[in-house]
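Order of the sequence lines fixes the chain letters, A, B, ..., with proteins taken first and strands second; residue numbering starts at 1 for each chain. Owing to the predicted nature of the structure, the values given are computational and were not obtained by experimental measurement. Heavy-atom basis, side chains included; hydrogens, waters and symmetry copies ignored.
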There are 2 protein chains.
Amino acid sequence: MTGSETRWLDADQQQNWRAFIVGSTLLMDTLDRELRQAHGVSMAEYEILVRLSESPDRTLRMAEIADSMQHSRSRVTHTVSRMEKAGLIRREAASGDKRGVDAVMTPEGWALLEAAAHTHVTGVREHFVDVAPRADFDAMGRVMNAVSDQLLAANPCFEDIR
Amino acid sequence: MTGSETRWLDADQQQNWRAFIVGSTLLMDTLDRELRQAHGVSMAEYEILVRLSESPDRTLRMAEIADSMQHSRSRVTHTVSRMEKAGLIRREAASGDKRGVDAVMTPEGWALLEAAAHTHVTGVREHFVDVAPRADFDAMGRVMNAVSDQLLAANPCFEDIR
DNA sequence: GTCTCAGAGTTGAAAGTTCAACTAATCAGA
DNA sequence: TCTGATTAGTTGAACTTTCAACTCTGAGAC
């Protein structure tokens, strides 16, 4: 990873990279704030609800949540604990593997998601999807997929590092 | 912001958006970890050093740092305090405005930056710039610039919210 | 001059994240 | 079937970020 001469970025690359950092923090912070103010959930919590809502029985193993969001297991434990306290999720022993824990979405969680989804999608459109031409947006998607592929390929067991 | 019917994202938009979330957290976490392991600084700290290195006298007002990074003033205060304790930055009373504080890069800070820059740029290339065709990368840059523009225009005094 | 308001930065506590150590269950192999 | 290595998840402490309250300086009105 750290070899020989440094190949510096040219001016364009530099600018694009900085645009990415600033734009993405601005975007994420805004969406997070909108969700918190309107519904009292963070974006991470919202994302967990989305994933649960898409799963059979609105249920997911802790590890599945962690892997799909690229969060550490510890982080998911803490987040789910808070959400459980708030009544949005219930923990159950996983059937089969006695080490495992299932996170199950409660009716309250579902209700919250239904309300929050509108806020979130509106924000994503207004601040992201609708501010650029479709072709550029697709290109951005290809870049970010390539980023994920590269990083996951380079680190087959990415969890170990976290 | 929250009006009438929800215009949901279509499948492509959904995928691109999720690619963005996962890819960017993966990318930022990786670059942050690389910097921490090799040089003991976070990416936020590194970015502050970069900005100082580009300023006349390697000096910047606290507020300038905060604004250019889209961080809250409080966050910059805390981060700079840690960096000052580590000897990378020195605080000085700003000339002219007695309310102001200048953050000045120390020789130790400069030395660290020189060492860390190689690691960082190599990582940015390997995990980001070089994983996608230039045209896609440029399109990504346009999208992120549009995001920033939209958000900054919508919130003339963005700091007030933070 | 002084009163009020705005701006720059700090502070400390609360909330969230990371890190390393831990328990308990499963698996693979002798 | 016993043993050692893995895997799932949790825990608590350290660290980072956020939030609201605060101090001090500067500026404009009168």
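A salt bridge is absent between B:Glu64 and B:Arg73: the closest approach of a Lys/Arg side-chain nitrogen to an acidic carboxylate oxygen does not fall below 4.0 angstrom. A salt bridge does not link A:Arg51 with A:Glu45: every distance from a Lys NZ or Arg NE/NH1/NH2 to an Asp or Glu carboxylate oxygen is 4.0 Å or more. Salt bridge annotation for A:Asp29-A:Arg33: absent, with no cationic side-chain nitrogen under 4.0 angstrom from a carboxylate oxygen. Salt-bridge check for A:Arg90 with A:Glu92: passed, with a basic side-chain N closer than 4.0 Å to an acidic carboxylate O.
Residues A:Ala44 and B:Asp102 each lie close to DNA chain C; by heavy-atom proximity, the contact nearer the 5' end of the strand is made by B:Asp102. Checking A:Glu45 against B:Thr77, the closest nucleotide of DNA chain C that is more toward the 5' end is the one next to B:Thr77. Annotation: of the two residues near DNA chain D, A:Val101 and A:His78, the 5′-most nearest-nucleotide partner is A:Val101.
No hydrogens or angles were tested; on distance alone, a donor-acceptor pair under 3.5 Å links the side chain of A:Ser74 to the base of D:dT11.
Using cut-offs of 30° and 60° for the angle between ring planes, the B:Phe128 and B:Phe137 rings count as perpendicular.
Contact of the A:Val129 side chain with the A:Arg134 side chain is not registered, since no non-hydrogen atoms from C-beta on lie closer than 4.5 Å.
If you measure from atom CD of A:Glu64 to atom C1' of D:dA8, you get 12 Å, rounded to the nearest angstrom.
Considering only side-chain N and O atoms, A:Arg75 lies nowhere under 4.0 angstrom from the phosphate OP1 or OP2 of D:dT16. Contact annotation: A:Arg99 side-chain N/O to D:dG9 OP1/OP2 distance is not under 4.0 Å. Contact between the side-chain N/O atoms of B:Arg73 and the OP1/OP2 oxygens of D:dT18 is not found at any separation under 4.0 Å.
DNA chain C lies under 4.0 Å from at least one heavy atom of each of the following residues of residues 86-97 of chain B: B:Arg91.
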